[in-house]
Amino acid sequence: MQRWLFKSEPDAFSIDDLAARPGRTEPWDGIRNYQARNLMRDAMTVGDEGFFYHSSCAVPGVVGTLRVVRGAYPDHTAQDPASPYHDPKATPAEPRWLMVDVQLIERFERTVALKTLKATPALDGMALLRRGNRLSIQPVSDEEWAIILDMATGR
DNA sequence: GCCAACGTTGGC
DNA sequence: GCCAACGTTGGC
């Protein structure tokens, strides 16, 4: 199983929004970056787990965990002119953009803040912390997963 | 709101 | 294929 980190701006879609969805499940739509799309298409499979990360907010950080419950399929919002994620180059034959469905596993009682991650030497190599990194879906190693989960829950 | 860093676009 | 201009991301 591969582990991931999913970024979202909580003003747009927060972990509480995911928790409120039927089945605590939601399509992770709106990915408009080729590298992130290719990760979903080529490397992500049903059963993979990920961190839910809040970006562009008061306390950026990891706020919970989720599971991939449906593998990559066309992101129809790209073909919807009314969607903020509309892409005029997307068509039914060439959908161009993909999404997966994710289900909430756990909402952490407290955020593991970006500041805390940066202050943890064992996480020095983490993709999230690399300068200028903007990838909205990125791989997380087993070691990073264990460290952050331990910080969040003490497990 | 600022701005550094990055990705994408499009003219040539 | 180069690269300048532009748009976006995201921490602060």
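Note on naming: letters A, B, ... go to the chains in the order of the sequence lines (proteins, then strands), and numbering restarts at 1 for each one. Just so it is clear, the model here is predicted, and its values are computed rather than measured.
The terminal axes of the helix from B:dG1-C:dC12 to B:dC12-C:dG1, fitted over 5 pairs per end, subtend an angle of 10° to the nearest 10°.
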Between N or O atoms, less than 3.5 Å apart, protein on one side and nucleotides 1-4 of chain C on the other: list the pairs.
none

Check nucleotides 5-8 of chain B against the protein and report each pair of N or O atoms closer than 3.5 Å, with its distance, or say if there are none.
{"unit_1": "B:dA5", "atom_1": "OP1", "unit_2": "A:R131", "atom_2": "NH1", "d": "2.4"}
{"unit_1": "B:dA5", "atom_1": "N3", "unit_2": "A:R134", "atom_2": "NH1", "d": "3.1"}
{"unit_1": "B:dC6", "atom_1": "OP1", "unit_2": "A:R131", "atom_2": "O", "d": "3.3"}
{"unit_1": "B:dC6", "atom_1": "O2", "unit_2": "A:R134", "atom_2": "NH1", "d": "2.3"}
{"unit_1": "B:dC6", "atom_1": "O2", "unit_2": "A:R134", "atom_2": "NH2", "d": "3.2"}

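Ring geometry for A:F52 versus A:W28: interplanar angle over 60°, hence perpendicular rather than tilted (30 to 60°).
No donor-acceptor contact under 3.5 angstrom links the side chains of A:Y85 and A:D80, judged on distance only. No side-chain N or O of A:S136 forms a donor-acceptor pair with one of A:R37 less than 3.5 Å apart.
At distances below 3.5 Å, not a single donor-acceptor pair connects side-chain atoms of A:E94 with backbone N or O atoms of A:T91. Without hydrogens or angle criteria, A:D48 side chain to A:T45 main chain gives a donor-acceptor distance under 3.5 Å.
Contacts of A:D17 classified as salt bridge (charged side-chain N to carboxylate O under 4.0 Å, His left out), with partners at least two apart in sequence or in another chain: none.
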Which is it for A:T77 and A:D87 under the side chain to side chain contact (heavy atoms under 4.5 Å, CB included) test, yes or no, and what are the steps along the way? CA-CA 8 Å; A:T77 65; A:D87 180 348; over 6 Å; no
As a quick check of understanding, evaluate side chain to side chain contact (heavy atoms under 4.5 Å, CB included) for A:H54 and A:S14, giving each step before the final call. CA-CA 7 Å; A:H54 280 174; A:S14 73; 3.7 Å; yes
Quick one, A:Y34 with A:R96, criterion side chain to side chain contact (heavy atoms under 4.5 Å, CB included). Give me CA distance, side-chain angles, the key distance, then yes/no. CA-CA 9 Å; A:Y34 289 107; A:R96 191 157 141 126; 3.2 Å; yes
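Considering all non-hydrogen atoms of both residues, A:D75 and A:I31 come closest at OD2-N, 4.1 Å. Closest non-hydrogen pair, A:R41 versus A:A72, comes out as CA-CB, 4.1 Å.
Scanning residues 50-63 of chain A for heavy-atom distances under 4.0 Å to DNA chain C yields A:Y53, A:S55, A:S56, A:P60.
Distance, A:Q138 CD to C:dT9 C1': 13 Å, rounded to whole Å.
Residue pairs meeting the side-chain hydrogen bond (donor to acceptor under 3.5 Å, both in side chains) criterion with at least one partner in residues 108-121 of chain A, sequence neighbours excluded, are absent.
Of the residues A:T65, A:L5, A:L128, A:L117, the one that meets the side-chain contact (heavy atoms from CB on, under 4.5 Å) test with A:I148 is A:L117.
Put simply, A:K7 has a side-chain N or O that comes within less than 4.0 Å of OP1 or OP2 on C:dG10.
Counting non-hydrogen atoms under 4.0 angstrom, A:K115 reaches nothing in the nucleic acid.
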